[in-house]
Amino acid sequence: MEGFKDIIATSASICTILQFFTGILVCQKYVQNGTTGDSSPLPFVAGFLSSCMWLRYGFLLQDSSLIIVNTIGAALQLAYVITFYFYTITKSAVVKQMLGVIVALVVMLCYTQYESDLEQAKIYIGFVASLMTILFFAAPLTMLAHVLSVKNCDSLPLPIILATFVCSIQWLIYGYILSDPFIQVPNLLGTLISAFELSLFLIYPS
């Protein structure tokens, strides 16, 4: 089982890093069009917050897979947020969301710095990281009403959703091997949510 755990951890890490890079395809579309159109910054903002939370959780667990993956993820997601900011006409929405993220990260760092009970800190940060991951998975659903009204999925980031589906399944297996509910639950929901989002591309093709 230990060998299988290492294989899943490596595979999930590689797929997640590739998932983070799919944002380049989305941002390339913004650059080509000169605008973000009807897209929302929330997938990138939520991805940045989620990566930062999991990075802190990885340090608490001293899990190298979580640390490496989320260091890369946080850096890339921040770059995507900046790109989105330059090409959107609703810059204030990006600023407000990022200010909320900064406040949440400061609170998290202060708590973990002064919490003497390491196990308690792991539970709290793991719980919050799980919630942030669910938010990241569900972020494209903020465009659901728009998709249903125009019967078109162009506003949804297909590369990110598809990569999320593949990665969620692998991290779900890794979570079961570790018996870690904070990894299991969000990735189970991530698998279901991304599967639903992918079904929309079949119902309302581009």
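- The two residues S13 and A9 make their nearest non-hydrogen contact at OG-O, 2.6 Å.
- The shortest heavy-atom contact between V45 and V81 is N-CG2, 3.9 Å.
- In this structure, CD1 on I169 lies 11.5 Å from OG1 on T164, to the nearest 0.5 angstrom.
- Side-chain contact between F48 and M98 is present, with at least one heavy-atom pair separated by less than 4.5 Å.
- Cluster annotation: F59 is not connected to I68 through the hydrophobic network of ILVMFWY side chains, with a link wherever side-chain heavy atoms come within less than 4.5 Å.
- The hydrophobic cluster containing I161 does not contain L192, counting ILVMFWY residues as joined when their side-chain heavy atoms lie under 4.5 angstrom apart, directly or transitively.
- Applying the side chain to side chain donor-acceptor pair (under 3.5 Å) test to residues at least two apart or on different chains, the pairs with a partner in residues 40-51 are S50-T133.
- Contact check for L55 versus I67: side-chain heavy atoms found under the 4.5 Å cut-off.
- Taking each heavy atom of P181 and P186 in turn, the nearest pair found is O-CD, 3.9 Å.
- I8 and L188 are members of different hydrophobic clusters when ILVMFWY side chains are connected at heavy-atom separations under 4.5 Å.
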Solution key, residues 20-34 side-chain donor-acceptor pairs under 3.5 Å, sequence neighbours excluded:
residue, atom, partner, partner atom, Å
T22, OG1, Q19, O, 2.4
K29, NZ, D154, O, 3.2
N33, ND2, K29, O, 3.3

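- Sorted by first and then second residue, the pairs that involve residues 166-176 and meet side chain to side chain donor-acceptor pair (under 3.5 Å), not counting sequence neighbours, are S11-Q170, T16-W171, D63-Y174.
- Two different hydrophobic clusters hold F86 and I89 under the rule that ILVMFWY side chains link at heavy-atom gaps under 4.5 Å.
- Applying the side chain to side chain donor-acceptor pair (under 3.5 Å) test to every pair with at least one member in residues 93-111, sequence neighbours left out, gives these pairs: Y111-E115.
- Rounded to the nearest 0.5 angstrom, I193 CD1 and L198 CG are separated by 12.0 Å.
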Quiz prompt | CA sep, side-chain torsions, deciding dist, call: Y124, T112, side-chain contact (heavy atoms from CB on, under 4.5 Å) | solution = CA-CA 9 Å; Y124 282 138; T112 54; over 6 Å; no
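- Side-chain contact check for V128 versus M108: every heavy-atom pair is 4.5 Å or farther apart.
- Across all their heavy atoms, Q77 and P43 have their closest contact at OE1-O, 4.4 Å.
- The same ILVMFWY cluster, assembled from side-chain heavy atoms under 4.5 Å apart, contains both L109 and L66.
- Note that the CG atom of L131 and the CE atom of M53 stand 9.5 Å from one another [nearest 0.5 Å].
- Residues I183 and W54 are in side-chain contact: their nearest non-hydrogen atoms beyond the backbone lie under 4.5 Å apart.
- For the atom pair I177 CD1 and L172 CG, the distance stands at 10.0 Å (nearest 0.5 Å).
- Counting only residues at least two apart or in different chains, side chain to side chain donor-acceptor pair (under 3.5 Å) contacts with residues 177-195 comprise Y57-D180.
- In this structure, Q120 places its CD atom where more than 12 heavy-atom neighbours from other residues, nucleotides or ligands lie under 6.0 Å away.
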Determine, stepwise, if the pair C52 / L105 fulfils side-chain contact (heavy atoms from CB on, under 4.5 Å). CA-CA 8 Å; C52 290; L105 292 178; 3.5 Å; yes
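- Residues L60 and A121 share a closest heavy-atom pair of CD1-O, 4.0 Å.
- We find the NZ-CG distance between K122 and D117 to be 10.0 Å, quoted to the nearest 0.5 Å.
- For the atom pair CD1 of I82 and OH of Y80, the computed distance is 12.0 Å after rounding to the nearest 0.5 Å.
- For L99, the side-chain contact (heavy atoms from CB on, under 4.5 Å) test picks out V95, with sequence neighbours left out.
- Taking all atoms of both residues into account, the shortest heavy-atom contact from S39 to F84 is O-CZ, 3.5 Å.
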